[in-house]
Student: 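This is the structure, below, for whatever I ask next.
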Amino acid sequence: MIRDFTFGQFFPGNSILHRLDPRTKLLWTIAYIVQLFVCDAWISYLVPFLYLVLVIWISKISWVIVLRGVKPVLPLIVFTSVLNMFFVTGTPIVSIGFFHPTYEGLALAVRLTLRIVLLIMGTSMLTYTTSPIALTDGMEQLLRPLEKLRFPVHEMSMIMSIALRFIPTLVEETDKIMSAQKARGADMESGSVIERGKAMIPLLIPLFVSAFRRAEELAEAMECRCYRGGEGRTKLRQLCYTLLDAWTLLSAVVAFGLVIGCNVLF
Amino acid sequence: MAILKTEHLTYRYSPGTPFEKAAVSDVNLEIEEGAFVGVIGHTGSGKSTLIQHFNGLLRPSSGHVYLDGQDIWADKKKIRSVRFQVGLVFQYPEYQLFEETVFKDIAFGPTNMGMTPDEVKRAVEEAMEFVGLSASLAQKSPFDLSGGQKRRVAIAGVMAMRPRVLILDEPTAGLDPKGRDRILKQIRAFHDQTKTTVLLVSHSMEDIADYAEKALVMNHAKLFAYDTVESVFSRSKELEELGLSVPQITRVFHKLRADGMPVRENVYTIPYAIKDLMRQLPKKGGVPHDS
Ligand SMILES: Nc1ncnc2c1ncn2[C@@H]1O[C@H](COP(=O)(O)OP(=O)(O)OP(=O)(O)O)[C@@H](O)[C@H]1O
Ligand SMILES: [Mg+2]
């Protein structure tokens, strides 16, 4: 069922990774993504890979869960890989009629697959080990300088934390409405694309109605508690950097250096 | 023959994860055709999970569910026809309404069954009458109705499919006492007139005593008892240990007996209680208690 996907979920725990400052983890993730895209020489992919293995090991999150996070994008990976193999020009491996898979295409396909898989596994480590509240808190703090440019940082992060908070609720609601309509004989699994699209109406309308109702109720509840934006608002949990954060960021810099080193040398 | 039967029915949520949980465990049951069954059990005891097996919304982790002696999962393609025979009204069903008019919403199920427009019309009108919705509401938007009316529309939506078994998950949750009584009376009338088998989940022991013939008690995912209402409520000590209770009037009568009044033991409904008390009172012109 829909509940079974893991990407973006939070798995509570008490590892070093869980205890890191969310700002550090955010910066680390950005560094990791850039590092992945800087990789050029084949051997340089080893750096983010080993780094990721280390991070997963430290986080004590099971491999099964991390690998399962990649499952939803598998079709995409297969699709782009096949396209690349057949449509990139270069030295053909074999020729079957119109199709000429090439060595260059194969290389590109492998490279893309590596990047996507490492990217998803790496970025999901952020959400696996950081609670949504900590995550938006960290983002708000990191973006704070933008307030000088009149960017509504607090409002944006409030919107984000509310959205994250309601994902599980809406998933549960979707499940429930789907069951209720199936009990009335709705058939959402078979038929042509158009029929299936039509079959979604009994699901989508109640879902939207309830989302609006929830939004209204929440807005009222916030107003009742005198919410009036971020001005002068203090935090129950103050974020503060520790030595651990410094070491983490330093390790990211070292990894970055290693990747560039690999690129230059090989 | 039993219309619904389960054999070693077990269901686990999120199997293979740290959140795994058996919500129904080794339940063996036989529900007779035409019965009116009250389903009780504390919060989280697995009532909702159990009833979703009867129309194939949930597939047992292990064990079997039989409808008319046929395993409903023997042929996966037939599961839709099982859903037409076993109608299920969820808790807070008013949140599933989606059509432009009340008529169209109630017609959703019958139309999916493949009834002709004439049959659909008749089924909808009949169902609206059963739940006490006046015909003038048929062309209104379901979103403009009151909460209680919406609930009726949703219940009618399942009744209109003319199921052989009608299952309702707490149909009276969040209604005022009058609305509760009305809905329950209408369900009882539906049962009496159409001979439909009814399963009613409720947290109110009074409602079960007043309307049901049999009681099914769930406790921590296990079937605790399935018997006539009288025999279930006569085990009041055990029920209280499960965090359930017996109807208030039963408790009053137990106290009276403990205090030495010669009242009957198994009293579950107010009318019966009145009859019994009247029996105790001195008849007009009779001999008063020795004073
Ligand atoms: N979708 C789900 N995923 C995981 N666990 C669930 C899910 N639905 C129910 N459970 C768990 O299964 C158990 C039984 O739940 P169920 O809803 O069947 O109880 P219930 O008897 O209907 O309770 P209530 O009287 O509160 O409606 C509960 O412990 C609940 O936490
Ligand atoms: Mg329930």
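The chains referred to below are lettered A, B, ... by the order of the sequence lines, with proteins before strands, and numbering in each begins at 1.
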Student: Taking CD in B/E20 as the centre, count heavy atoms belonging to other residues, nucleotides or ligands within less than 6.0 Å. Is the count above 12?
Tutor: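 Yes, the 6.0 Å shell around CD holds more than 12 heavy atoms from other groups.
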Student: For A/R184, does its backbone N or O pair with a side-chain atom of B/N112 as donor and acceptor, under 3.5 Å?
Tutor: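 Indeed, once roles are kept as given, a pair shorter than 3.5 Å links the two residues.
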Student: Counting neighbours of CD on B/E129 that are heavy atoms of other residues, nucleotides or ligands and sit closer than 6.0 Å, is the number greater than 12?
Tutor: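 Counting neighbours around CD of B/E129, 12 or fewer heavy atoms of other residues, nucleotides or ligands fall under 6.0 Å, so no.
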Student: With a cut-off of 6.0 Å (strictly less than), are more than 12 heavy atoms of other residues, nucleotides or ligands near CD1 of A/I194?
Tutor: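 No.
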Student: Could you have a look at A/V64, A/I177, A/D187 and say which one has the most heavy-atom pairs with chain B under 4.5 angstrom?
Tutor: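 Of A/V64, A/I177, A/D187, A/D187 has the most heavy-atom pairs under 4.5 Å with chain B.
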Student: Does anything in residues 202-214 of chain A reach chain B? List residues with heavy atoms under 4.5 Å apart, or say none.
Tutor: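 The residues closer than 4.5 Å to chain B, in numerical order, are A/P202, A/I205, A/P206, A/V209, A/R213.
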Student: Check this for me: B/E119, atom CD, are more than 12 non-hydrogen atoms of other residues, nucleotides or ligands nearer than 6.0 Å?
Tutor: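 Atom CD in B/E119 is packed in, count exceeds 12.
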Student: Could you check whether atom OH of B/Y13 has more than 12 heavy atoms from other residues, nucleotides or ligands sitting under 6.0 Å from it?
Tutor: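 More than 12 within 6.0 Å, yes.
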Student: So with a 6.0 Å cut-off around CE of A/M222, is the heavy-atom count from everything else above 12?
Tutor: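 Count over threshold, so yes.
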Student: Might you point out which heavy atoms bring A/Q181 and B/Q96 nearest each other, and give the distance in Å?
Tutor: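 Heavy atoms of A/Q181 and B/Q96 come nearest at NE2-O, 2.9 Å.
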Student: Can you tell me if A/K235 has over 12 outside heavy atoms packed within less than 6.0 Å of its NZ?
Tutor: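 Enclosed.
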Student: Pairs in or reaching into residues 89-133 of chain B: which pass ring-ring contact (aromatic ring centres under 6.0 Å, His included), with residues at least two apart or in two chains?
Tutor: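 The answer is B/F98-B/F108, B/F130-B/F190.
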Student: Taking atom CG of B/L88 and atom OG of A/S179, what is their separation to the nearest 0.5 Å?
Tutor: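 Rounded to the nearest 0.5 Å, the CG-OG separation comes out at 8.5 Å.
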Student: Taking side chain as everything from C-beta outward and backbone as N, CA, C, O, which of these in B/M113 sits under 4.5 Å from a heavy atom of chain A? Side chain, backbone, both or neither.
Tutor: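 B/M113 has no heavy atom closer than 4.5 Å to chain A.
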